[in-house]
Amino acid sequence: MGVESGDTKEFKLKPMKCELNFLSKSDGSAILSQGDTVALVSVNGPLDIKMQSQSIEKSTIEVLFCTKGGKPSVPDRYKESIIKQTCETAILGSLYPRSGITITIQELEDYGGLVTCALNCACLALLNSGLAMRHVFAAVCCAVDELGGLVLEPEQPLAAAARARLHFVFEGRNRTLVSAFSEGSYSEVAYEEALEKCRAASEVVFTFYRDVVRKYSNVI
């Protein structure tokens, strides 16, 4: 079952398409495209893990990021770290002590905005898995061009030429900032403007989540 996003012209976001339960042998999965960028995420857990990896207080979360090339790199480990920290804040891990949760992200196409696409796809896969969550989350990217203008979810050529790229992740209840990371140089004013612009644009992503889950729930 696939779901497409509605009107995103107000914030000039890339059109989104999603299908849940894409993989049959995982506890939860989702494939998401944002424009031409596509990510596939599977979630498995709670799982039995080795005693030395267990935590008596919460689940142990492992994130694996797989590129099209197959060979992991330092930027891939950076993406894993970002996604892991974001997912750890969202998953109610205290309900699954001494167990493991594995989140596997597969890059299918990268035409800009791969990290935000992977984060949003991870959230949808977690929802599909049925794991208890403190909150859902949505990621939005904003680029600062050479003239100081802000562009939401830039395409690859613009993102590569941008002075800076800022990524923000918001939780679904109060749109509170969960995590943020950036590349390049920018002013404090540009950061604050980008933050508020991305916060407003995240509403489009959360609306898309609701549409996906509503249609999926009607099916089951």
Side-chain angles (χ1 to χ4, degrees), residues 1 18-32 38-68 70-108 114-139 167-181 202 205-206 208-210 212-214 216-217 219-220:
M1 180 203 68
C18 176
E19 183 175 342
L20 300 181
N21 270 342
F22 189 77
L23 302 174
S24 60
K25 295 185 179 180
S26 62
D27 294 318
S29 63
I31 183 170
L32 174 68
V38 186
L40 171 63
V41 177
S42 66
V43 176
N44 289 285
L47 304 167
D48 292 330
I49 57 175
K50 295 180 180 179
M51 186 171 295
Q52 58 265 34
S53 301
Q54 293 179 0
S55 169
I56 62 172
E57 297 179 350
K58 61 181 181 179
S59 60
T60 301
I61 298 175
E62 181 182 21
V63 173
L64 303 173
F65 188 91
C66 306
T67 64
K68 290 173 65 177
K71 295 182 179 180
S73 62
V74 173
D76 297 333
R77 300 288 81 84
Y78 176 61
K79 295 183 182 75
E80 283 183 0
S81 176
I82 292 167
I83 297 170
K84 180 179 179 180
Q85 291 175 23
T86 303
C87 291
E88 282 179 335
T89 64
I91 298 171
L92 203 55
S94 59
L95 296 181
Y96 312 106
R98 295 190 174 92
S99 65
I101 296 171
T102 301
I103 302 171
T104 304
I105 299 102
Q106 175 65 56
E107 170 200 345
L108 299 181
L114 178 60
V115 177
T116 52
C117 182
L119 280 163
N120 293 335
C121 192
C123 183
L124 287 163
L126 287 169
L127 287 170
N128 182 235
S129 72
L131 289 170
M133 298 176 67
R134 296 183 180 89
H135 57 254
V136 296
F137 55 87
H167 302 75
F168 302 97
V169 184
F170 304 94
E171 56 89 17
R173 180 172 299 174
N174 300 312
R175 309 300 185 260
T176 304
L177 185 65
V178 174
S179 59
F181 52 98
S202 70
V205 183
F206 287 120
F208 176 69
Y209 287 176
R210 287 191 288 270
V212 172
V213 174
R214 185 183 300 114
Y216 170 74
S217 298
V219 170
I220 64 172

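These figures come from a predicted structure and were not determined experimentally. In what follows, residues are counted from 1 in the order of the sequence shown.
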Hey, could you give me the [atom1]/[atom2] distance between [X] and [Y], rounded to the nearest 0.5 Å?
X: Phe181; Y: Phe168; atom1: CZ; atom2: CZ; value: 10.0 Å
X: Ile101; Y: Ile49; atom1: CD1; atom2: CD1; value: 9.5 Å
X: Lys25; Y: Leu23; atom1: NZ; atom2: CG; value: 11.0 Å

Under the side-chain hydrogen bond (donor to acceptor under 3.5 Å, both in side chains) test, which residues partner [X], sequence neighbours left out?
X: Glu88; answer: none
X: Ser73; answer: Asp76
X: Thr86; answer: Ser179
X: Arg77; answer: Glu80

Closest contact, heavy atoms only, Thr67 versus Gln106: O-NE2, 3.5 Å

Which heavy-atom pair separates Lys68 from Leu108 by the least distance, and what is that distance?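 Reported closest heavy-atom pair: CD-O, 3.1 Å.
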
What pairs meet the side chain to side chain donor-acceptor pair (under 3.5 Å) rule with one or both residues in residues 167-177, with sequence neighbours excluded? Glu171-Thr176, Arg175-Glu203

Pairs flagged by side chain to side chain donor-acceptor pair (under 3.5 Å) wherever residues 39-61 is involved - sequence neighbours left out: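 Residue pairs passing side chain to side chain donor-acceptor pair (under 3.5 Å), neighbours aside: none found.
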
Under 3.5 Å, which donor-acceptor pairs do the side chains of residues 115-133 form with other protein atoms, sequence neighbours left out?
| residue | atom | partner | partner atom | Å |
| --- | --- | --- | --- | --- |
| Thr116 | OG1 | Gly113 | O | 2.9 |
| Asn120 | OD1 | Ala139 | N | 2.7 |
| Asn120 | OD1 | Tyr209 | OH | 3.1 |
| Asn120 | ND2 | Gln34 | OE1 | 2.9 |
| Asn120 | ND2 | Thr116 | O | 3.2 |
| Asn120 | ND2 | Ala139 | O | 3.2 |
| Asn128 | OD1 | Ser29 | N | 2.9 |
| Asn128 | ND2 | Asn21 | OD1 | 3.4 |
| Asn128 | ND2 | Tyr216 | OH | 3.3 |
| Ser129 | OG | Leu126 | O | 2.6 |
| Ser129 | OG | Leu131 | N | 3.3 |

As a quick check of understanding, evaluate side chain to side chain contact (heavy atoms under 4.5 Å, CB included) for Leu64 and Ile103, giving each step before the final call. CA-CA 6 Å; Leu64 303 173; Ile103 302 171; over 6 Å; no

Close side-chain approach of Leu32 and Cys18, heavy atoms under 4.5 Å: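 Contact flag for Leu32/Cys18 side chains = yes.
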
Under the side-chain contact (heavy atoms from CB on, under 4.5 Å) test, which residues partner Ser81, sequence neighbours left out?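 Scan of Ser81 (side-chain contact (heavy atoms from CB on, under 4.5 Å), adjacent residues dropped) gives Gln85.
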
side-chain contact (heavy atoms from CB on, under 4.5 Å) with Leu114: which residues, sequence neighbours excluded?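 By the side-chain contact (heavy atoms from CB on, under 4.5 Å) rule, Leu114 matches Thr37, Phe65, Lys79, Glu107, Asp110.
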
